[in-house]
Each structure stands twice: as C-alpha cells, then as structure tokens.
Amino acid sequence: EVNLGLNRAKGKYIVIADANISYETDFLKKMYYKASQDDADIVLAKVDYVDYNRDICKASEWEKKYFRLPAKAYFNFNDVKYDRFNTFSYRITDKMYRKEFLDKQALRLNAQGNGYGDIGFIYETIIKAEKIVYINEIIGRQNMEFKLRHAQIHNWQFICNSLMEFQRSLKENDVWNIYEQDYVNFSLNVLLHEYALAKADEIADIYSEMKNVWFEALEITAHESNYFYDQQLYEQSRYIQKFDYFWPLVKSSMGMENQ
C-alpha cells in the first residue's frame, strides 16, 4: 500500500519505484541532488523502454516532448504554454516528490490506483507544485514486453473511469475553465493510445465504446478541429465517430460471421 508508505515515511523526499523498471544505480543520487539544489517540490526524469530480444532501446512518448518545458532552473505547471497534460508523463515512477509538499497539500494516491488510477495524484501534484525541476537523463528502462502487456493489466473501463474522475476533480477545484482544452486533448491521446494496445478480441468493443460513449462523456465531440493540438489524433477520432468498426462488416460480407 503506497499511501501507507507515504504516511509513515520520514525522509525529505519520496520516490515511488516500480519493480518492472531497471533503474540506474545512481538515479536516487542524481534526483536528490537536483531536488535539494533548487528546493524543488517535484523532480522529473526519463524512463525509456528496452527490447531485450532485439537489444534496442526506445524513447518514451513523453521524452519527445521535453522541449516544451521552460528553459530555466525551475518552473510551475502554468509556465508550460500548451498541451500541458500531454507534456508530462502519466507515470508515477519517474518522479521524486518533496514529502513536506505532499503532506501540506494532503496529496495521496487513489485507493484503487495502479497506473491510471494515479492520474489524479500525478497531475494534482504537478498543478499545485510551485517548483518543478527536471534532469535531462534516463534514470531507468522498462521492458518493452511490459508495455505490450499494458492493456491486459489496465482494464479499459477502469482507464475511462479514471479519466472521468480526473475531469470531475478539475471541475470541483474550479480549474476546469483553465485546463479544459488541455484535458480534452489529453483524454483523446489516452483513449487512442490504449486502443492501439488493446487485445485483438477487445478491439471491436473498445471502438464501439469510444464512438458511442466515451468521446461524448470526455467532451471530445464538443469541439472542432482547431481545438486539438494533434490533428492526426483528431482525424482518427472523427473517423471513429463517422464509421462503425469495419472488421465485422468484412467478415459478414465474406460469410465469416462465426469465425
């Protein structure tokens, strides 16, 4: 239980590690040095993916967006000018938190949190932090196979409910008008990212749910093209809204309904 550990921890800084990540031996030293140097509330770092079968490494999606972070010693969430939620990783295991900051803001993880259940915690801490810093280094690598098993670990319904809970939190904290556009773009990114990782026997159902339920619930359908930062994702969402999932139709036309 992570929250139990957070409540009992006595140190100045907190790291929530992941057994599926191979961390560099000196990652704590590097993050602690950066945190103490600037008296930061949060330290960001990079975790890449590694394919041991092919002996290659691949940058995470968020590493490619580090150019958006302000080029100064420390910054806060509002210093990032656009697409803020997609700029930061929605993983908890590449960050270091100042314990006093977490306690003062009464920030703890969702009781059901395991990745997507932690979205609220991850972004609430980033929104409320006065000082965020980052080290432009890879502190660990996650096995690519674990990423590919992601959809088996994170239930689709739980992911969508976590996004809805995050939406509710933004509205209750009176910051929805400030972050609505960033949130809608973030939700679209998460849905299509998870759809791409879905198991073959779940793709049709997920496609249908996005089309008939989640695009509207997450307020994606309420906006036109110029509202979206990534036009490719927007066009993909428009395609899903317009057309039924094609594979059942193909099988029906070929007399393969039961295959």
Side-chain angles (χ1 to χ4, degrees), residues 1-50 59-80 84-143 146 162 166 169 173 175 179 186:
E1 173 58 61
V2 175
N3 285 335
L4 180 60
L6 291 176
N7 293 335
R8 294 186 176 181
K10 303 298 183 183
K12 187 173 182 179
Y13 294 99
I14 298 288
V15 169
I16 303 171
D18 187 337
N20 293 294
I21 296 174
S22 298
Y23 290 96
E24 298 294 323
T25 55
D26 60 349
F27 86 100
L28 286 174
K29 177 181 177 181
K30 289 179 177 178
M31 296 184 82
Y32 175 79
Y33 176 78
K34 186 65 177 175
S36 57
Q37 183 182 39
D38 297 307
D39 192 30
D41 295 319
I42 302 175
V43 182
L44 312 175
K46 299 177 180 180
V47 172
D48 277 359
Y49 295 108
V50 59
S60 68
E61 293 85 350
W62 304 280
E63 183 177 337
K64 303 167 189 174
K65 300 173 183 176
Y66 262 54
F67 71 90
R68 296 179 184 171
L69 300 181
K72 56 187 190 179
Y74 56 84
F75 61 94
N76 62 45
F77 187 70
N78 290 322
D79 288 328
V80 181
R84 284 165 282 207
F85 295 122
N86 278 324
T87 296
F88 298 88
S89 74
Y90 45 92
R91 70 161 84 222
I92 200 170
T93 51
D94 57 3
K95 300 172 180 65
M96 175 177 279
Y97 299 94
R98 187 160 61 89
K99 176 68 160 54
E100 182 182 6
F101 161 67
L102 296 181
D103 291 344
K104 184 177 180 179
Q105 298 289 342
L107 296 167
R108 291 297 186 266
L109 278 69
N110 184 311
Q112 297 179 336
N114 60 358
Y116 278 101
D118 303 333
I119 285 177
F121 173 85
I122 292 167
Y123 287 112
E124 190 173 2
T125 55
I126 289 174
I127 289 171
K128 292 184 176 181
E130 295 181 5
K131 287 185 176 182
I132 304 172
V133 299
Y134 67 95
I135 55 175
N136 193 25
E137 295 186 43
I138 298 167
I139 63 164
R141 291 175 175 82
Q142 187 173 47
N143 192 328
F146 182 79
S162 295
F166 184 31
S169 175
N173 286 286
V175 292
Y179 301 130
F186 172 71

Practice task
Please check if the side chain of D118 supplies one atom and the backbone of L109 the other of a donor-acceptor pair under 3.5 Å.
Solution key: no
Exercise for the section: Would you indicate whether E100, at its atom CD, is surrounded by more than 12 heavy atoms from other residues, nucleotides or ligands within a distance under 6.0 Å? Expected result: no
Fill in the blank from the handout: dist Y13:OH -> L102:CG (nearest 0.5 Å) comes out at 11.5 Å
Problem - Main-chain N/O of N78 paired to N76 side chain as donor or acceptor, under 3.5 Å - result: yes
Problem - Electrostatic pair K128:E124 at N-O distance under 4.0 angstrom - result: yes
Handout entry: Reported CD1-to-CG distance for the pair I132 and L69, which is rounded to 0.5 angstrom
Key = 8.5 Å
Practice task
Give a yes or no on whether the backbone of F85 and the side-chain of Y123 come within a donor-acceptor separation of less than 3.5 Å.
Solution key: yes
Practice task
Determine the minimum heavy-atom distance between A35 and M96, stating which atoms define it.
Solution key: CB-SD, 4.2 Å
Handout entry: Spacing of CG belonging to L107 relative to CD1 belonging to I122, to within rounding of 0.5 Å
Key = 12.0 Å
Practice task
Quick one: closest heavy-atom pair of A73 and V133, and the distance?
Solution key: O-CG1, 3.4 Å
Practice task
Considering only NZ, NE, NH1 and NH2 on the basic side and carboxylate oxygens on the acidic side, decide whether D79 and K72 come within less than 4.0 Å.
Solution key: yes
Handout entry: Enclosure of Y74 OH (heavy-atom neighbours >12, cutoff 6.0 Å)
Key = no
Handout entry: Heavy-atom side-chain contact between I127 and Y179 under 4.5 Å
Key = yes
Exercise for the section: Kindly state whether the ring of Y97 and the ring of F121 have centres lying under 6.0 angstrom apart. Expected result: yes
Handout entry: Note, I139 side chain near V47 side chain (heavy atom, < 4.5 Å)
Key = yes
Fill in the blank from the handout: The reported gap from OG in S89 to NZ in K46 (rounded to nearest 0.5 angstrom) is 12.0 Å
Problem - Within 6.0 Å of OH in Y23, more than 12 heavy atoms from elsewhere - result: yes
Handout entry: Minimum side-chain heavy-atom gap N20-N143 below 4.5 Å
Key = no
Practice task
Could you check if a side-chain atom of R91 sits within less than 4.5 angstrom of a side-chain atom of Q142, using non-hydrogen atoms only?
Solution key: yes
Exercise for the section: Look at atom CD of E130 and say whether more than 12 heavy atoms of other residues, nucleotides or ligands are closer to it than 6.0 Å. Expected result: no
Practice task
Tell me whether the centres of the aromatic rings in F88 and F77 are closer together than 6.0 Å.
Solution key: yes
Handout entry: P70 versus V80, closest heavy-atom pair with distance
Key = CD-CG2, 4.1 Å
Practice task
For Y134, enumerate each residue passing the ring-ring contact (aromatic ring centres under 6.0 Å, His included) test, keeping only those at least two apart in sequence or located in another chain.
Solution key: Y66
Problem - Member of D39, I14, T125 meeting the side-chain contact (heavy atoms from CB on, under 4.5 Å) criterion with R98 - result: D39
Problem - Candidate pair R108 and D103, rule salt bridge (charged side-chain N to carboxylate O under 4.0 Å, His left out), full reasoning - result: CA-CA 9 Å; R108 291 297 186 266; D103 291 344; 2.7 Å; yes
Problem - Within-4.5 Å side-chain heavy-atom neighbours: I16 and K95 - result: no
Exercise for the section: Answer yes or no: is there an ion pair linking D41 with K99, defined by an N-O contact shorter than 4.0 Å? Expected result: no
Handout entry: Over all atoms of both residues, closest heavy-atom pair of A59 and D48
Key = CA-OD1, 3.6 Å
Problem - F101 side chain reached by I42 side chain, heavy atoms, under 4.5 Å - result: yes
Handout entry: Straight-line distance of M31 CE to I135 CD1, nearest 0.5 Å
Key = 5.5 Å
